[in-house]
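The shown structure was predicted, so the numbers you read here are calculated from the model rather than taken from an experiment. Basis for what follows: all heavy atoms, side chains included, without hydrogens, waters or symmetry-related copies. Index from 1, following the sequence.
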Amino acid sequence: MQKNKENKQCENCNCGGHGDFVSENPGRDVQRVGTARFLDQDPTKIYNPVWTVTGTLGDSQCYIGVNEKVAAIQKALGDRITEDDLPIRLIPPAYTIGVSDGQLNGTPEMRFSLIGREVTNDGITEHLSGSNVKGCISVVACDKPPVGTLTAILEHNEPAIIMSDGSIKPGHDPKTGERIDLVTAFQAAGDKDQERKNRLALNACCGQGSCGGMFTYNTMQSFIATLGMEPLHMVTPSSDDPKRLTLFPQQLIDHLVTMTKKGIKPRDIVTPASLRNALIVAIAMGGSTNVLLHSVEIARGAGLNLWKEVITQEEFNSLSKRVPVIFNAWPFGKYWMVDLDAKGGLQVIVKELLDAGFLDGTTLTCTGETLAEQIARLNPPKPDGDVVFSIAKPLKKTGGLRLLKGNLAPNGGAVIKVAGVEGGLENGIFRGKARVFNNEKDLLDLLDKNPESFQDKDMVVIRSIGPRGAPGMPELLDPTSRITTLCRQKNITIALMTDARFSGGSVGLVIGHVQPEAYLGGPIALVEDGDTIVVDINKNTMDCVELADKATKAARTKAWKQVVKENGGIHPSVKPITNRLLKRMRATARPALEGAGME
């Protein structure tokens, strides 16, 4: 930019004299004017409503594509404001930080994963509220930061729209030619073939984008789009799809303009009906158990109590028995999200469920259309019968998720991914013996050194790693993957239950979110080696036979409390912490049934 001596402008400004500009407070205005000039925006619009672009960044390839997408949207938005003379003040993009579950599973650092959802919420809230933002487009990656972004958007409640960064494409084993990914690699952890392990590590994730199977990332992106906060057709294209840099930015701006003109706000979109729709889609896609944490948190952001105002646990289980799984998705099936994209995208699944009467098509979406109108405009093809199945001929007749209740989870909320169960249920019932571990490391060490010690119908219990116990409620993809491989090799069933949570990549008979957690003295804290654990999918129950005896339960409770008292008010199995963020989580984390977030 050239200096304009006649108008006595800054040397980097060519915006004219602006004789009609009146500064209300020069001290506050100087930075706003300077920022506008460096963004090639009109400084006289500094009193107009603020629009912004945000992104989520982190420590892995999940986040690598975010910067260029934010830049593309920022440029397109700036151009649109100038070309159409929109009465908008554009400010610089803002970013939040998160970690990558894939490279942290099985390590102490995994405690920061769910916390990433919370600090993302804090960061986006700081930006939206501190800058009084009236319009926002957010690019999101990985699985926790998108939820933190959306809850902040809902709390702020001004027009906003989300676009997922997109999935990574599956890798290929150069020796066998098979498609592989992060979960393939985790399942090989106990493999004796070191050359194969090296091959998988070097070839499983060779692109950019978040996990490409039906893990938590794609569960939540499908959830958010069905909810109405992301255009349906923007979910399944891969992270490196050119449309994300060319076509989608313009469409996102169109939708934000529409929302603004019509006065549509996020809480108009996220309602009990749309939340119910999104849960149904998660069930039909065989989605991650983490949706039972994140949906609660999203509802909270919208001012709703999921289990009281949207759906009860009993209604959820009833739906899961009626709604079939129609997406043949890895890790329990064969295909990745890019395969769904090739067959018409998420909208194929939504239309199939809509036509079958499972979804409410009248819910509002960020495009300004109802869900049914958006589907009609997109006009997706019918299910192909291989990647996407029809409701009439589904992949699995019942849905993928179930909530369990019993003397181990007196308030319910324990979750099992039925779609991922590979065996061990006899007429819907598992009966096994407890193998108790007070931390994940002890289990991993035993799986490394003596995997043969595990027997058919063992019920591995990992406790004291819930929202407050860990703190942070880490995922257990590493041990569940090793156990899955061991079960397949020995043709046995080893079940697992925990007060922590699972990756969407976990398969097998695994039960998470057991609550109250051990840190708080929940029943899981009282289980002992050799106890009989019974899981009944027919009745959606989970019980410890020994704890059904009142005298036994009372004696164990008394002993547990005495140990806690002698150890200064905390059980010795719980690790001490000094980190400020972890301290905040331990002190304020809500139970899993309430989303496991922190205050």
Side-chain angles (χ1 to χ4, degrees), residues 58-60 62 98-120 142-145 147-148 182-183 186 189 211 215-217 219-220 288-294 297 413-415 417 436-445 447 460-484 496-506 508 510-520 522 524-525 571 573-577 579 581-592 595-598:
D59 56 358
S60 77
C62 299
V99 296
S100 172
D101 301 352
Q103 58 196 21
L104 299 182
N105 261 283
T107 74
E109 290 74 34
M110 188 63 200
R111 295 176 297 174
F112 292 92
S113 170
L114 184 60
I115 291 175
R117 184 189 73 184
E118 307 302 295
V119 297
T120 296
C142 206
D143 57 347
K144 265 66 69 178
V147 179
L182 179 144
V183 169
F186 265 109
C211 290
F215 312 154
T216 307
Y217 169 73
T219 298
M220 293 316 302
S288 164
T289 55
N290 283 311
V291 73
L292 274 309
L293 290 178
H294 298 325
E297 176 65 5
V415 60
K417 185 175 178 177
V436 180
F437 299 84
N438 284 318
N439 59 72
E440 182 183 12
K441 184 179 184 301
D442 288 350
L443 172 60
L444 289 173
D445 287 346
L447 285 167
V460 172
V461 179
I462 314 179
R463 64 191 180 194
S464 300
I465 52 173
R468 294 194 179 193
M473 202 182 185
E475 284 183 355
L476 302 179
L477 179 58
D478 196 353
T480 58
S481 297
R482 294 174 192 240
I483 287 172
T484 294
L496 186 150
M497 72 172 184
T498 180
D499 50 9
R501 61 193 179 90
F502 299 115
S503 161
S506 292
V510 295
I511 301 164
H513 310 186
V514 178
Q515 54 198 291
E517 61 177 296
Y519 175 81
L520 298 175
I524 191 174
H571 197 277
S573 64
V574 176
K575 294 183 178 180
I577 52 173
N579 182 287
L581 198 53
L582 294 178
K583 283 185 174 181
R584 181 182 165 201
M585 189 71 175
R586 177 163 287 173
T588 69
R590 296 183 292 272
M598 60 186 183

* Side chain proximity check, Leu293 to Lys144, heavy atoms < 4.5 angstrom -> no
* Asked: Quick one: which of Asp499, Ile465, Thr498 gives a side chain to side chain contact (heavy atoms under 4.5 Å, CB included) with Glu517?
  -> Asp499
* Steps toward side chain to side chain contact (heavy atoms under 4.5 Å, CB included) verdict (Ile115, Arg584) -> CA-CA 10 Å; Ile115 291 175; Arg584 181 182 165 201; over 6 Å; no
* Asked: Is the shortest heavy-atom distance from the side chain of Thr107 to the side chain of Leu104 under 4.5 Å?
  -> yes
* How many angstroms lie between OG1 in Thr480 and CZ in Phe502, if you round to the nearest 0.5 Å? -> 6.5 Å
* **Closest non-hydrogen atom pair between Ala518 and Arg463, with its separation** => CB-CB, 3.8 Å
* Asked: Picking from Asn290, Val183, Leu477, what satisfies side chain to side chain contact (heavy atoms under 4.5 Å, CB included) with Phe215?
  -> Val183
* **Rounded distance [0.5 Å steps], CG in Leu443 versus CD1 in Ile483** => 5.0 Å
* Asked: In Å, rounded to the nearest 0.5 Å, how long is the span from CZ of Arg482 to OG1 of Thr484?
  -> 12.0 Å
* Asked: Have Ser113 and Arg501 got a donor and an acceptor in their side chains that come within less than 3.5 Å?
  -> yes
* Of all heavy-atom pairs between His513 and Gly413, which one has the smallest distance, and what is that distance? -> CB-O, 3.6 Å
* To do: Measure the CG-SG distance between Leu182 and Cys211 for me, rounded to the nearest 0.5 Å.
  => 5.0 Å
* Find the distance between CG (Asp101) and SG (Cys62) and round it off to the nearest 0.5 Å. => 8.0 Å
* **Closest heavy-atom pair and its distance - Gly469, Arg586** => O-NH2, 2.6 Å
* Compare every heavy atom of Leu582 with every heavy atom of Pro471, then report the nearest pair and how far apart it is. => CG-O, 3.3 Å
* To do: Could you tell me which non-hydrogen atom of Glu475 sits nearest to which non-hydrogen atom of Met110, and how far apart they are?
  => CB-CE, 3.4 Å
* Asked: Hey, are the side chains of Leu114 and His294 touching, using non-hydrogen atoms and a 4.5 Å cut-off?
  -> yes
* Nearest heavy-atom pair of Gly472 and Met585: which atoms, and what distance? -> N-CG, 3.8 Å
* Going by atom types alone, do Thr219 and Ser288 pair a side-chain donor with an acceptor below 3.5 Å? -> no
* To do: May I have all residue pairs that pass salt bridge (Lys or Arg N to Asp or Glu O under 4.0 Å) and include part of residues 106-118, sequence neighbours excluded?
  => none
* To do: Could you tell me which residues satisfy side chain to side chain contact (heavy atoms under 4.5 Å, CB included) with Val514, sequence neighbours excluded, listed by chain and number?
  => Ala414, Met497, Ile511, Ile524, Met542
* To do: First locate atom OG of Ser506, then atom CG of Leu496, and finally report the distance between them rounded to the nearest 0.5 Å.
  => 9.0 Å
* Residues in side-chain hydrogen bond (donor to acceptor under 3.5 Å, both in side chains) contact with Lys441, at least two apart in sequence or another chain -> Asp445
